[in-house]
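What follows is one structure encoded as structure tokens, with my remarks underneath.
Heavy atoms only: backbone and side chains are in, while hydrogens, waters and symmetry mates are out.
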Amino acid sequence: MWWHVYPLGAVGADVRPTAPVDERPVEHRLGRLVPWLDHVVDLGLNGLLLGPVFASSTHGYDTVDHFRVDPRLGDESDLDALVAAAHERGVRVVLDGVFNHVGREHPAFRLLEEQGPDAPTAELFALDRSGWQQGDPVPVGNFEGHDMLVALDHGGRAAEDLVVEVMTYWLERGVDGWRLDAAYAVPPAFWARVLPRVRERFPDAWFSGEVIHGDAAAIIESSTMDSTTQYELWQAVWHGIADRNCFELAHAVERHDVLLETFVPTTFVGNHDVTRIASAVGERFAGHAAAVLFTVAGTPVVYAGDEYGWTGVKEEREGGDDAVRPELPASLPEPTELTHAVEALVALRRRNPWLHRAHTDVVHLTNTAVVLRTATADAAVVTALNLADDPVQVPAADATRVEAGGGELRDGTVRLPAAGWAVLSA
């Protein structure tokens with residue numbers, strides 16, 4: 001169960017510097033995350049999912065050197081120290097692998113601009129060679145219209161070898177796996193060539209791909225990735241709660257169950273790319289979202305600060321991500337009611353590891369109330385949500401104990417207060 005942090009924002013680095021990467025001084029900021037590892041452990045989580053840490057021009061996703069820590073964060077020894085500190089606490093570390101594209105300042109692309117079609121790095125990039133001559137602008141693909149993000153050629157051996165080398169290099173240095181950024185934009189066949197080569201040396205490494213749309217089960221089977229991000233469930237959680245439409249949430253939970261036949265999705269209710277869950281659903285409903293996250297199947301991820309109910313709205317403009325990628329405070333905040341709720345939910349999940357892959361049934365459903373029962377033959381966890389401004393009484397689905405939230409069990413039902421939620425066990 002992961003705690004996800006966007007390092008450049010978290011340590012207060014400038015995400016839009018003007019100086020070229022090679023001219024930037026090394027600033028040893030990455031160590032600021034070490035004290036937060038105790039918070040991760042206190043929450044009950046056991047994984048640190050780091051956003052991009054490699055040298056880049058701006059926000060981290062325009063990589064210029066996969067083998068160098070971004071100087072705004074520090075150097076390789078700083079990352080080694082963070083990984084070691086995590087492992088001392090029983091916390092695994094996953095890095096963010098940006099392998100669909102690189103930044104225009106990447107030396108391999110600069111060489112291509114200088115030398116044209118005959119550059120030794122030409123095979124690395126997705127090029128349209130028809131009519132291209134030295135001196136012409138490089139006819140290279142990009143990522144979703146972003147001219148500064150130049151696409152790699154995933155059909156060739158050069159990109160495959162680079163990614164294998166990058167992955168194995170950092171796994172050798174102690175990391176435990178990779179988040180595959182923009183995995184949906186990369187042909188599954190590419191991962192199917194890369195990942196087995198990496199697993200030959202690191203069979204226990206975990207690979208979760210960022211997949212926003214498409215047939216996730218088919219992608220898993222053809223790519224050999226271990227998991228993909230569950231954006232459909234995220235969408236249904238926040239949108240269903242915000243719109244007071246539990247039918248949307250219930251439908252997504254039922255579709256989520258189908259995926260379990262093939263793999264266990266990476267579940268979340270917040271990340272560095274989306275509006276904070278407390279802003280999306282309203283602060284009094286953030287606990288409802290957390291309850292779903294920790295009681296349905298999946299490998300859950302908590303985005304740093306969501307456990308405190310931090311707010312922030314993503315906007316489609318330059319700097320529009322800043323609000324959801326803030327600097328972490330110098331000292332840990334006092335825990336809130338939501339923090340304690342997350343602790344209780346994580347503890348419940350640790351006591352019931354079968355939740356990782358168990359199916360969920362919808363046992364009660366109205367526009368503003370839903371009861372979910374996740375169970376095996378021997379145990380059950382029941383999640384009851386009330387989105388209405390009045391109390392509601394719903395079936396307890398055989399639950400006998402309130403584990404988190406607020407609800408009153410009585411005669412086979414649970415009474416939820418206005419805008420209340422409860423997680424129960426049987």
Identify, with sequence neighbours excluded, every residue that meets side chain to side chain contact (heavy atoms under 4.5 Å, CB included) alongside [X].
X	answer
P353	none
E113	R104, F109, R110, V138
V83	L79, H87, V93, V175
H272	H4, Y6, Y61, R179, Y303, R325

(request) With sequence neighbours excluded, give me every ring-ring contact (aromatic ring centres under 6.0 Å, His included) pair touching residues 319-347. (result)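 Pairs touching residues 319-347 that pass the test: none.
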(message) Tell me which pairs pass side chain to side chain donor-acceptor pair (under 3.5 Å) where either residue lies in residues 11-20, with sequence neighbours left out.
(response)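 Residue pairs with at least one partner in residues 11-20: R16-D322.
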(request) Could you list all the side chain to side chain donor-acceptor pair (under 3.5 Å) pairs where at least one residue sits in residues 244-259, not counting sequence neighbours? (result)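 Counting only pairs at least two positions apart or across chains, the side chain to side chain donor-acceptor pair (under 3.5 Å) contacts touching residues 244-259 are Q230-H256, E232-R255, H239-E248.
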Check side-chain hydrogen bond (donor to acceptor under 3.5 Å, both in side chains) between [X] and all other residues, then give those that pass, not counting sequence neighbours.
X	answer
D389	R284
W170	none
D80	R173
T228	none

(request) Output every pair passing salt bridge (Lys or Arg N to Asp or Glu O under 4.0 Å) with a member in residues 259-269, not counting sequence neighbours, ordered by first then second residue. (result)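 Non-adjacent pairs meeting salt bridge (Lys or Arg N to Asp or Glu O under 4.0 Å): zero.
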